[in-house]
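A short write-up of the structure that comes next.
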Amino acid sequence: MTEDYSQSIEGTRALADLFRQNFPWLVRYLGRKLGSIERGEDAASEVFVRVARRWNVDTLLFPRAYLLVVARRLIGELRGRGMLEQAYLEALSYTPDISSASPETVVSHIQEVRVIDAALTTVTPRARLAFVMHHIDGKTHAEIAEHLGVSISMIRKYIATSEQKCRANLTTPKRN
């Protein structure tokens, strides 16, 4: 037990050192990529949370390179989420009865979009792409099948799997 405790302390110290040495650099990098220093700070914090959850920092051979990999993945997720939200808001603007919705309603819908986005991260990239092409881009099963180079029945499976995950996430009660 003493050995586990001392390893935990060393890991915590290593993470703190990594944070002190790289946080400002990571904030600047992410701030440039995301368009503001505030968004860069939030994203850099998220990068360190992810690193702390997954890795024993003192075992990383190239910690700055690893931070960059995690940061780039996060940028992709944030941009994808932003594109999904933007597509939703654009669709809202074409819907006459919803375009005058209260800010609370719009926020509620955006939260639902985020739940759907989280659900889509649990399916394969092809299933996610098929879902987005069908529901956001309005493509037919045949068009998606041609684009992905698979059968129409495979596209139906992809979309059904994605929709099932989305329904499950939307009906699961939120934990606080």
Side-chain angles (χ1 to χ4, degrees), residues 7-8 10-91 107 109-137 139 144 147-150 154-155 157-170 172 174-176:
Q7 286 177 338
S8 175
E10 287 304 312
T12 303
R13 284 184 186 143
L15 181 62
D17 289 343
L18 183 68
F19 182 85
R20 271 191 297 280
Q21 294 167 4
N22 293 289
F23 188 76
W25 160 77
L26 195 56
V27 167
R28 286 190 304 276
Y29 171 77
L30 289 167
R32 281 192 310 271
K33 294 292 185 182
L34 297 173
S36 77
I37 199 72
E38 292 82 15
R39 291 179 76 196
E41 288 172 345
D42 290 343
S45 297
E46 176 62 22
V47 166
F48 277 97
V49 167
R50 290 179 182 196
V51 169
R53 279 190 203 141
R54 293 200 172 100
W55 285 97
N56 189 357
V57 175
D58 53 344
T59 63
L60 291 174
L61 296 176
F62 303 102
R64 191 172 259 203
Y66 183 71
L67 289 173
L68 198 55
V69 168
V70 175
R72 286 181 178 158
R73 287 181 184 160
L74 179 61
I75 289 169
E77 289 175 28
L78 292 172
R79 286 188 176 152
R81 185 176 301 136
M83 288 172 29
L84 196 56
E85 288 176 10
Q86 186 59 40
Y88 172 75
L89 290 173
E90 191 175 304
V107 167
H109 287 295
I110 289 174
Q111 288 171 342
E112 288 178 1
V113 168
R114 286 187 173 151
V115 169
I116 290 169
D117 182 51
L120 292 176
T121 63
T122 66
V123 298
T124 66
R126 284 179 168 240
R128 187 177 323 121
L129 182 58
F131 178 90
V132 169
M133 289 178 76
H134 182 66
H135 288 288
I136 305 282
D137 298 337
K139 302 287 186 193
I144 301 167
H147 179 79
L148 294 178
V150 297
M154 195 70 229
I155 295 303
K157 288 178 187 175
Y158 286 157
I159 293 171
T161 300
S162 299
E163 288 173 344
Q164 182 181 19
K165 292 283 188 176
C166 291
R167 273 192 299 277
N169 275 22
L170 287 170
T172 302
K174 295 176 185 170
R175 289 182 274 165
N176 290 333

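Values below: all heavy atoms of this structure, side chains included; hydrogens, waters and symmetry mates excluded.
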What distance do S162 atom OG and R167 atom CZ have between them, rounded to the nearest 0.5 Å? 10.5 Å
By side chain to side chain contact (heavy atoms under 4.5 Å, CB included) - contacts of F48 (at least two apart): L15, L18, F19, N22, F23, L26, L67
If you define the side chain from C-beta out and look only at heavy atoms, does anything of Q111 sit under 4.5 Å from V115? no
Indicate yes or no: at least one non-hydrogen side-chain atom of W25 is less than 4.5 angstrom from one of L68. yes
Set out, in order, the CA-CA distance, both residues' side-chain angles and the distance that settles side-chain contact (heavy atoms from CB on, under 4.5 Å) for R53 and V49, then state yes or no. CA-CA 6 Å; R53 279 190 203 141; V49 167; 3.3 Å; yes
Hey, can you pull the donor-acceptor pairs under 3.5 Å for the side chains in residues 121-136, sequence neighbours left out?
unit_1	atom_1	unit_2	atom_2	d
T121	OG1	A118	O	2.5
T122	OG1	A119	O	2.5
T124	OG1	A127	N	3.1
R126	NH1	L148	O	3.1
R128	NE	L120	O	2.8
R128	NH2	V123	O	3.1
H134	ND1	K139	O	3.1
H135	NE2	E163	OE2	2.6

For L30 against A71, the heavy-atom pair lying closest together: CD2-CB, 3.9 Å
Going by salt bridge (Lys or Arg N to Asp or Glu O under 4.0 Å), name the pairs with one or both residues in residues 20-43, residues two or more places apart or in two chains. D17-R20
Should we say atom CZ of R64 is surrounded by more than 12 heavy atoms from elsewhere, each under 6.0 Å from it? yes
